[in-house]
2 protein chains.
Amino acid sequence: MSQTLDTVFAALADPTRRAILAMLLEDDMAVTDVAHPFAMSLAAISKHLQVLAEAGLISQEKRGRVKWCKLEPDALREASVWMQGFGQMDSLDLDAFERFLAVEIGLEAEAEIPGG
Amino acid sequence: MSQTLDTVFAALADPTRRAILAMLLEDDMAVTDVAHPFAMSLAAISKHLQVLAEAGLISQEKRGRVKWCKLEPDALREASVWMQGFGQMDSLDLDAFERFLAVEIGLEAEAEIPGG
DNA sequence: TCCATATTCAACCATCTGGTTGACGTTTCC
DNA sequence: GGAAACGTCAACCAGATGGTTGAATATGGA
């Protein structure tokens with residue numbers, strides 16, 4: 001889940017990938033057609049699509065020699081939920097926060113919250 | 001705005017930086033105190049804080065020899081709004097999309113939407 | 001003044017990222 | 001069968017990223 005947030009946000013950080021997602025809103029598309037409007041090679045777009053697929057933001061299905069790309073909004077929704085929930089923690093449970101840190105960044109148990 | 005999304009999402013892609021944001025939810029903190037729970041150098045945390053500040057996710061104010069870090073949820077909200085709005089475009093206005101592409105990735109006017 | 005604290009800067013390093021090109025394996029179709 | 005279309009793979013490259021260490025710059029306090 002933490003790694004999911006890593007990969008989802010990293011995928012969204014690139015404008016080409018955000019543009020691809022916007023294109024896939026309209027309809028499923030073949031890799032070649034996704035690549036068409038962009039001023040870069042097919043191989044580069046293929047890599048971008050892999051990044052999006054690993055983040056769970058799209059799925060790909062091969063039919064014949066054509067690989068179809070489909071938007072998968074669930075991962076996007078997960079990240080969005082994270083961001084929404086973020087502003088709504090009112091006061092932080094420090095014990096819970098230590099566990100959160102431990103999960104988020106693999107911190108040892110000695111993690112101690114300054115000022116706490 | 002496009003660059004803002006770039007920097008905001010890139011900032012959020014790192015678990016250390018997300019943990020820092022979570023800490024700042026509770027209260028404003030000095031750089032040294034932010035660094036305390038993490039198993040890395042102060043200089044590394046200082047860099048992370050710069051990334052967060054450039055993305056607009058935090059602000060920093062120096063009082064005396066202490067630099068205070070404060071959460072600025074507006075940039076987070078902007079990215080969240082982008083994500084929310086994303087799933088809600090129903091059908092895409094192709095002309096608008098070409099302008100979107102032009103802004104997002106600096107594409108030339110000849111951008112043409114395949115299948116469109 | 002002198003020392004400790006708070007923070008950044010500069011140089012360095014390993015790894016990741018985003019792009020290229022050319023070769024390759026599949027599938028389709030004449 | 002053989003050519004063309006679809007897509008990925010492999011090798012390579014430049015630049016960004018995330019970390020380190022040690023020196024430098026302020027500021028605060030005895």
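Throughout, protein chains are lettered first and strands after them, A, B, ... in sequence-line order, and every chain is numbered starting at 1. Quick caveat: nothing in here was measured; it's all calculated off a predicted structure.
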Under-4.0 Å side-chain N/O to phosphate OP1/OP2 contact, Ser46(A) with dG7(D): no

d(CG, Leu52(B); P, dT17(D)) in whole Å: 13 Å

Phosphate contact (dG7(D) OP1 or OP2) by Thr32(A) side-chain N/O below 4.0 Å: yes

Sub-4.5 Å side-chain heavy-atom contact between Lys70(B) and Ile58(B): no

Nearest-angstrom distance from the residue atom CD of Gln60(A) to P of dT8(D): 6 Å

Short side-chain N/O contact to dC9(D) OP1/OP2 from Gln50(A), under 4.0 Å: yes

Reference residue Ile45(A); test side-chain contact (heavy atoms from CB on, under 4.5 Å); the match among Met40(A), Gln50(A), Arg17(A), His36(A): Met40(A)

Separation of atom CZ in Phe38(B) from atom C1' in dG19(D), rounded to whole Å: 15 Å

Distance in angstrom units between Leu12(B) CG and dG18(D) C1', rounded: 17 Å

Member of Leu76(B), Leu25(B), Leu52(B) meeting the side-chain contact (heavy atoms from CB on, under 4.5 Å) criterion with Leu71(B): Leu25(B)

Sub-4.5 Å side-chain heavy-atom contact between Glu61(B) and Cys69(B): no

Separation of dT7(C) C1' from Met29(B) CE (nearest whole Å): 15 Å

Distance in angstrom units between Leu49(A) CG and dT8(D) C1', rounded: 12 Å

Between P of dG18(D) and CG of Asp6(A), the distance in whole Å: 10 Å

Heavy-atom protein contacts under 4.0 Å, nucleotides 17-30 of chain C, coded B base, S sugar-phosphate only, - none: -SBBB-----BS--

pair Ile20(A)-Phe38(A): side-chain heavy atoms closer than 4.5 Å: yes

Student check: side-chain heavy atoms of Trp68(B) and Arg63(B) closer than 4.5 Å: yes

